[in-house]
A.B. asks: 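Starting off with a structure, shown below.
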Number of protein chains: 2
Amino acid sequence: MSKTASSQAQVPEGLLLPVPGLDYGVLDELLGYALRRAQNALYLDFYRATEGLDVSPQRFAALVLVARNPGMRQGLLAQAMGLHRSGALRLTDWLTEQGWAERRDDPSDARSWGLHLTAHGRRTLAKLEQLVRAHDQALLQGLGERGSALKADLERLAWVATAAAQPIPPAKPTKTDRRPKP
Amino acid sequence: MSKTASSQAQVPEGLLLPVPGLDYGVLDELLGYALRRAQNALYLDFYRATEGLDVSPQRFAALVLVARNPGMRQGLLAQAMGLHRSGALRLTDWLTEQGWAERRDDPSDARSWGLHLTAHGRRTLAKLEQLVRAHDQALLQGLGERGSALKADLERLAWVATAAAQPIPPAKPTKTDRRPKP
DNA sequence: TATTGTTATACTCTATAACTATA
DNA sequence: TATAGTTATAGAGTATAACAATA
């Protein structure tokens, strides 16, 4: 087991607002820059909404994934979160140190761990989910009728950008921890 | 002048695609998570579109800002990009090392630098702008009619999230390098 | 021979704090 | 006293490479 997990989440960026009087040139026309501004604002707002619980959006996502897929391997967590294996290790270490998750032997593969939430982890996640849901609802409400359309458009955008980057999507069979290889 | 600027941009994250068979729970319902997935995809696609030029989205933004606002101070660059002063320093160092920007004395304040692009920087930016514009256009085209609505919605979302985080926007006068204090 | 998790290490990005020069 | 830039340092996140155990 590793010993290098970190203990404190930290807001990495300040507010990214248009500065009056500055000329942003092409940036103001780019979808990509609008996306960056929105994500920056949401990121800061996430920390405000979950203040005191010391959880980053990424760590929240990991908690949800382990909760909904008990017994999942670290490697699968890495794949789901777009991380290298070593990144999933650090993340798992951190969750374990918080007392929120634990590694158990995977009966089907002695090399692997099965990840599970502890009772403490489940309680924390319940609190977090409530805060994050409320936070998201507030945003949607602020957007009005276009909120749900925005979410669908974002999903489509992710798909379009991925297709552009990878003309042929990888045909690798995606295996979960519960389904045997084909 | 500092000596610690880095030389290589690096793609920090792998692909963040939904893994079939995994249960994402609340994540699939959250606007914030959809936004994260979209930004991840666009980030990777940006690197593909500008391959070989070794520029991150952030560095591209800095180039544009300095080009459109010649003589701007480092502190203003930091403010525009949501960075700490020390971050703007590193960024400026990097641009300078590439030979794309230079620091000149600011005639109005001996403490400050005025930032300017070099001829090399302007040529590089011209190339980059072309690639980035084409990249963005391709995304918009992939989105069809909803593309422009998406951009507007993202701008609104950034505003809503910022308003939520800061009920009272800071009344600090935003000064550029060309306008005297009120 | 390939995969899983681990260890060690390095690099990037960001921040804080203390410092210098100037306002 | 406050501001602009710098320096030094630290923390978090990510990656690569080599390794042991297992498949």
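Convention: sequence-line order gives letters A, B, ...; per-chain numbering from 1. Atoms considered below: every heavy atom in the structure, side chains included; atoms not considered: hydrogens, waters and symmetry mates.
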A.B. asks: Let me know the distance between CG of A/Leu76 and P of C/dT3, rounded to the nearest Å.
C.D. replies: 15 Å
A.B. asks: Just call it for B/Gly87: base, sugar-phosphate, or nothing, with non-hydrogen atoms closer than 4.0 Å on any strand.
C.D. replies: nothing
A.B. asks: Using atom CD of B/Gln74 as one end and atom P of C/dT20 as the other, report the distance to the nearest whole Å.
C.D. replies: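 Taking CD of B/Gln74 and P of C/dT20, I get 19 Å after rounding.
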A.B. asks: Would A/Arg59 pass as a cation-pi partner of A/Phe46, given that its NZ or CZ must be under 6.0 Å from the six-membered ring centre and within 45 degrees of the axis?
C.D. replies: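 No, A/Arg59 does not sit over the ring of A/Phe46.
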A.B. asks: Nearest to the side chain of B/Leu83, heavy atoms from C-beta on, is which of C/dT14, C/dT6, D/dT14?
C.D. replies: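 Looking only at side-chain atoms, B/Leu83 lies closest to C/dT14.
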A.B. asks: Which whole-number value in Å describes the distance from B/Leu89 CG to D/dA8 P?
C.D. replies: 11 Å
A.B. asks: List in chain and number order the residues that pass side-chain hydrogen bond (donor to acceptor under 3.5 Å, both in side chains) with B/Thr50, two or more places apart in sequence or in another chain; answer none if no residue qualifies.
C.D. replies: none
A.B. asks: Grab the CG-P distance between A/Leu77 and D/dG13 for me, whole Å please.
C.D. replies: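 Value for this atom pair: 14 Å.
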A.B. asks: The side chain of A/Ser112 is closest to which nucleotide in this list: D/dT7, C/dC13, C/dT4?
C.D. replies: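 Given the options D/dT7, C/dC13, C/dT4, the side chain of A/Ser112 is closest to C/dT4.
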A.B. asks: Could you tell me the separation between the CZ atom of B/Arg36 and the P atom of D/dG13, rounded to a whole number of Å?
C.D. replies: 11 Å
A.B. asks: Can you list everything that forms a salt bridge (Lys or Arg N to Asp or Glu O under 4.0 Å) with B/Arg123? Sequence neighbours excluded, please.
C.D. replies: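 Applying salt bridge (Lys or Arg N to Asp or Glu O under 4.0 Å) to B/Arg123 gives none.
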A.B. asks: Any side-chain N or O of A/Arg90 less than 4.0 Å from the OP1 or OP2 oxygen of D/dA12?
C.D. replies: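 Answer is no, no contact under 4.0 Å.
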A.B. asks: Rounding to a whole Å, what distance do you find between B/Glu97:CD and C/dT12:P?
C.D. replies: 11 Å
A.B. asks: Output all residues satisfying side-chain contact (heavy atoms from CB on, under 4.5 Å) with B/Arg104, sequence neighbours left out; order by chain, then residue number.
C.D. replies: B/Glu102, B/His116
A.B. asks: Using whole Å, report how far CG of A/Asn40 lies from P of C/dC13.
C.D. replies: 16 Å
A.B. asks: Is any side-chain nitrogen or oxygen of B/Gln58 closer than 4.0 Å to OP1 or OP2 of C/dT12?
C.D. replies: no
A.B. asks: Tell me whether the OP1 or OP2 atom of C/dT12 has a side-chain N or O from B/Trp94 closer than 4.0 Å.
C.D. replies: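 B/Trp94 to C/dT12 OP1/OP2: no side-chain N or O under 4.0 Å.
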A.B. asks: Base, backbone or nothing for each nucleotide of nucleotides 16-23 of chain D, written B, S, -, heavy atoms under 4.0 angstrom, 5' to 3'?
C.D. replies: B----BBS
A.B. asks: Restricting to salt bridge (Lys or Arg N to Asp or Glu O under 4.0 Å), what partner residues turn up for B/Arg122, sequence neighbours left out?
C.D. replies: none
A.B. asks: Just the rounded figure in Å: distance from P of D/dG5 to CG of B/Leu91.
C.D. replies: 13 Å
A.B. asks: Please determine if B/Arg37 and B/Asp28 form a salt bridge, counting it only when a charged side-chain N lies under 4.0 Å from a carboxylate O.
C.D. replies: yes
A.B. asks: For B/Arg85, enumerate each residue passing the salt bridge (Lys or Arg N to Asp or Glu O under 4.0 Å) test, keeping only those at least two apart in sequence or located in another chain.
C.D. replies: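 Counting only residues at least two positions away or on another chain, B/Arg85 forms no salt bridge (Lys or Arg N to Asp or Glu O under 4.0 Å).
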A.B. asks: Return no unless some side-chain N or O of A/Arg103 is found under 4.0 Å from OP1 or OP2 of C/dT6.
C.D. replies: yes
